[in-house]
> 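Have a look at this one before I ask anything.
For the single chain, residues carry numbers from 1 onward in sequence order.
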Amino acid sequence: FYGTAFVIGLLEIIEGELETGVTRFVAVSVKTFVLSLGASLGLMLAHQGGATAVFFASKDYCGDDFTMGKWWRIPVYLLCCVGVLGQYRLQLDRYWCALIVQLVAYETQYRVFHGMKEQYTSDHLDTATSNIAGCAGGVITACTLSWAMNICRNFYST
């Protein structure tokens, strides 16, 4: 759920809270890098350089997406997002905006991934493309919401 902190940082930057947003964005970027590097090094050290073989051997135990086609997929995702937004101490009046951005990004990523799933399984192009599409969907949604909120703010302030 580091993506949540990226979304909150993006919303803060768009809303004009530049210092807070950039600080949060940089902190999450560093944490994500350290987490990824630590996980890779830990796996490499634990398996004495044979991590790739272990990864592919464990692939048989990975099932299909357990949420695919279930009605509760989106409510459970939004509930998890609310929990994470609370950890980042986002103001309650901004939850709706953050949840919309996260839901659009999640749904875009989910649908692109499952749309490409059959064609690009061995090269992981489905994962990369769905991540990029989800990110783009989230950014476009955040910008659109910011634009709409600015219009409403200007309308009601005059």
> Which heavy atom of Q102 sits nearest a heavy atom of C81, and at what distance?
OE1-CB, 3.5 Å
> Is it true that I74 and Y95 fall in one hydrophobic cluster, defined by side-chain heavy atoms closer than 4.5 Å?
yes
> Could you report the tightest heavy-atom contact between V101 and G138, atom names first, then the distance?
CG1-O, 3.5 Å
> Hey, any chance V76 and W71 share a hydrophobic cluster, counting ILVMFWY side chains that come within less than 4.5 Å of each other, even indirectly?
yes
> Enter the distance from I151:CD1 to W147:CH2 here, rounded to the nearest 0.5 Å.
3.5 Å
> Mind checking whether V82 and L78 sit in one hydrophobic cluster, side chains of I, L, V, M, F, W, Y counted as touching below 4.5 Å?
yes
> With respect to W96, which candidate in I100, L92, L99 satisfies the side-chain contact (heavy atoms from CB on, under 4.5 Å) definition?
I100
> Check S130 against Q109 and note the closest heavy-atom contact, atom names and distance.
CB-O, 3.4 Å
> Show me the pairs that pass salt bridge (charged side-chain N to carboxylate O under 4.0 Å, His left out) and involve residues 98-108, at least two apart or across chains.
R73-E107, E107-R111
> Is there a donor-acceptor pair closer than 3.5 Å between any side-chain N or O of S146 and the backbone N or O of A142?
no
> What is the minimum heavy-atom distance between V104 and T108, and which atoms define it?
O-OG1, 2.7 Å
